[in-house]
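Atom set for the values below is all heavy atoms of this structure, side chains included, hydrogens, waters and symmetry mates excluded. All chains are named by letter (A, B, ...) in the order of the sequence lines, taking the proteins before the strands, and each is independently numbered beginning at 1.
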Amino acid sequence: MKLATWNVNSLKVRLPQVIEWLKINQPDILCLQETKLSDENFPEHEIAAIGYHSIYTGQKTYNGVAIISKQKGDKIFTALPDFLDEQKRIIAATYNDVRIISVYVPNGEAVESEKYSYKLRWLPALNRWVEIELKNYAKVALLGDFNIAPEDRDVYDPEMWRDKVLCTVPERDAFQNLLSLGFFDSFRLFEKPDKSYTWWDYRMMAFRLNRGLRIDHILLSDALAKTCVACDIDKGMRKIERPSDHAPLMVELRI
DNA sequence: ATGGTAGAGGATCTA
């Protein structure tokens with residue numbers, strides 16, 4: 001079983017890339033973030049034409065998440081139960097006995113901003129709900145754009161990024177609190193090269209200089225982590241013409 | 001020099 005996540009930064013622009021990527025990689029599950037599409041504009045038919053189901057919750061211009069899957073899912077959730085939020089940032093469904101939770105965590109903009117305090121309220125709400133989900137399902141995967149670089153080794157220039165949004169202590173604590181519920185960061189189950197990142201700013205030749213951060217993650221519950229045999233960043237998708245600023249991330253599970 | 005690029009939408013906002 002292959003699970004993947006990809007912040008596409010507009011599914012309208014990236015649809016041909018997503019279709020091609022699905023054909024080549026054949027994941028069972030692909031979680032998308034920043035679709036930037038209202039539900040009536042979601043390209044469900046184009047995706048169905050290559051044999052994939054879609055579930056989605058979106059809005060115009062900003063945010064928007066989806067799960068693309070070979071099998072149809074059930075027990076679909078499109079919001080956190082105890083956190084009123086107009087922004088479409090979470091979608092979950094069950095595929096056989098595997099619970100898939102796909103998130104687009106708020107970016108936070110800057111520590112002094114209202115968006116940062118929203119991020120620090122959003123993360124505990126996620127934590128509370130995921131804790132319940134872990135009681136109901138042994139096999140849980142929490143995937144997406146977390147907008148958090150968990151450690152200094154996940155940042156190209158940790159001193160420059162010290163206490164900047166994506167790297168602050170409260171954000172990293174919130175990420176550790178998620179892991180403490182019983183998750184493993186699948187990327188760190190394996191020996192990986194230094195300077196492995198999933199996001200590079202469009203500006204200042206950041207990608208060419210590999211000035212990136214590892215902010216997209218696939219967290220696996222113990223039952224799934226035991227079956228995980230690979231976790232890889234598809235950096236090639238950041239090299240092509242008109243790329244997303246994020247690369248896809250994918251795990252392979254022996255189940 | 002507080003910049004720069006991309007996407008949406010049609011002036012700025014978000015990242």
What integer distance in Å separates [X]:[atom1] from [N]:[atom2]?
X	N	atom1	atom2	result
A:M205	B:dA6	CE	P	13 Å
A:N7	B:dG7	CG	C1'	12 Å
A:R242	B:dA8	CZ	C1'	11 Å
A:I240	B:dA6	CD1	P	14 Å
A:Q33	B:dA15	CD	P	14 Å
A:Q87	B:dA15	CD	C1'	12 Å
A:K60	B:dA8	NZ	C1'	9 Å
A:R14	B:dG7	CZ	P	5 Å

Exercise answer: donor-acceptor pairs, residues 182-193 of chain A side-chain atoms, under 3.5 Å, sequence neighbours excluded:
from: A:D185; atom 1: OD1; to: A:F187; atom 2: N; distance (Å): 3.3
from: A:D185; atom 1: OD1; to: A:R214; atom 2: NH1; distance (Å): 3.4
from: A:D185; atom 1: OD2; to: A:R214; atom 2: NH1; distance (Å): 3.3
from: A:D185; atom 1: OD2; to: A:R214; atom 2: NH2; distance (Å): 2.8
from: A:S186; atom 1: OG; to: A:I218; atom 2: O; distance (Å): 2.7
from: A:R188; atom 1: NH2; to: A:D154; atom 2: OD1; distance (Å): 2.6
from: A:K192; atom 1: NZ; to: A:C231; atom 2: O; distance (Å): 2.5
from: A:K192; atom 1: NZ; to: A:D232; atom 2: OD1; distance (Å): 3.2

Please confirm whether the ring centroid of A:W129 lies under 6.0 Å from the ring centroid of A:F77.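 Centroid separation for A:W129 and A:F77: below 6.0 Å.
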Would you please confirm or rule out a distance under 4.0 Å between OP1 or OP2 of B:dT14 and any side-chain N or O of A:K115?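 Checking A:K115 against B:dT14: at least one side-chain N or O falls below 4.0 Å of OP1 or OP2.
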Among [options], which is the nearest nucleotide to the side chain of [X]?
X	options	value
A:V13	B:dG4, B:dG7, B:dA15	B:dG7
A:Y202	B:dA15, B:dA6, B:dT14	B:dA6
A:T61	B:dG7, B:dG9, B:dG4	B:dG9

Could you tell me how far [M] sits from [N] if I compare only their [atom1] atoms? Round to whole Å.
N	M	atom1	result
B:dG9	B:dT5	P	22 Å
B:dT14	B:dG10	P	15 Å
B:dA11	B:dA1	C1'	25 Å
B:dT2	B:dA8	P	28 Å

A:Y104 near the nucleic acid: base, sugar-phosphate alone, or nothing, with a heavy-atom cut-off under 4.0 Å?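 The residue A:Y104 makes sugar-phosphate contact but no base contact.
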Toward the 5' end of DNA chain B, which comes first, A:N9 or A:M204, by nearest nucleotide?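 Residue closer to the 5' terminus by nearest nucleotide: A:M204.
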5' precedence on DNA chain B between A:N63 and A:K36 (nearest-nucleotide basis):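 Checking each residue's closest nucleotide, the 5'-ward one belongs to A:K36.
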Can any side-chain N or O of A:N25 pair as donor or acceptor with the backbone N or O of A:P27 at less than 3.5 Å?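 Checked: no pair found.
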Within the side chain of A:T198, is there an N or O that forms a donor-acceptor pair under 3.5 Å with the backbone of A:D216?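 Pair found, side chain donor or acceptor close to backbone of A:D216.
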Under 3.5 Å donor-acceptor pairs involving side-chain atoms of residues 144-152 of chain A, not counting sequence neighbours:
from: A:D145; atom 1: OD1; to: A:N147; atom 2: N; distance (Å): 3.0
from: A:D145; atom 1: OD2; to: A:N7; atom 2: ND2; distance (Å): 2.9
from: A:N147; atom 1: ND2; to: A:V105; atom 2: O; distance (Å): 2.8
from: A:E151; atom 1: OE1; to: A:R153; atom 2: NE; distance (Å): 3.1
from: A:E151; atom 1: OE2; to: A:R153; atom 2: NH2; distance (Å): 3.2
from: A:D152; atom 1: OD1; to: A:R162; atom 2: NH1; distance (Å): 3.3
from: A:D152; atom 1: OD1; to: A:R172; atom 2: NH1; distance (Å): 3.0
from: A:D152; atom 1: OD1; to: A:R172; atom 2: NH2; distance (Å): 3.4
from: A:D152; atom 1: OD2; to: A:R162; atom 2: NH1; distance (Å): 3.1
from: A:D152; atom 1: OD2; to: A:R162; atom 2: NH2; distance (Å): 3.2

